[in-house]
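Here's the structure we're looking at; comments come further down.
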Amino acid sequence: MGEPPPTQAPSVWAVLGFFIPLVGLILWMIWKNDRPGDAGMAGKGALVSAIINVVLFILWIVFAGILFAASGSY
């Protein structure tokens with residue numbers, strides 16, 4: 001009655017998908033039918049990363065526009 005061998009934590013796939021979204025997307029496409037749990041984690045990590053990147057890009061554009069407008073008024 002030994003313990004089952006340790007497996008890799010599913011959250012590893014979410015972290016990998018977050019930091020390397022392209023890999024997360026590819027893993028999701030490959031695993032969506034065979035390993036739906038791992039595929040979901042990798043896909044969610046990639047999706048969260050993409051959303052954060054879009055939000056930061058929009059904030060950067062707004063901030064740059066504000067600085068440009070403020071510098072042109074002098």
Worksheet entry | Interatomic distance, Met41 atom CE to Asp38 atom CG [nearest 0.5 angstrom] |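 If I round to the nearest 0.5 Å, the distance is 8.5 Å.
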Fill in: Ala46 to Leu25 - nearest heavy-atom pair and separation
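Closest heavy-atom pair between Ala46 and Leu25: CB-N, 4.0 Å.
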Kindly list each side-chain donor-acceptor pair under 3.5 angstrom involving residues 50-58, sequence neighbours excluded, with atom names and distances?
from	atom 1	to	atom 2	distance (Å)
Asn53	ND2	Ser49	O	3.1

Discussion item. Going by the rule side-chain contact (heavy atoms from CB on, under 4.5 Å), which residues pair with Ile20 if we only count those two or more places apart in sequence or in a different chain?
Written reply: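 side-chain contact (heavy atoms from CB on, under 4.5 Å) list for Ile20, sorted by chain: Leu16, Val23.
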Discussion item. Taking ring-ring contact (aromatic ring centres under 6.0 Å, His included) as the cut-off, I'd like each qualifying pair that reaches into residues 27-50, sequence neighbours left out, listed once.
Written reply: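 Pairs touching residues 27-50 that pass the test: Trp13-Trp31.
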Practice prompt. Kindly determine whether Leu59 and Phe63 satisfy side-chain contact (heavy atoms from CB on, under 4.5 Å), including the steps that lead there.
Written response: CA-CA 6 Å; Leu59 289 174; Phe63 183 67; over 6 Å; no
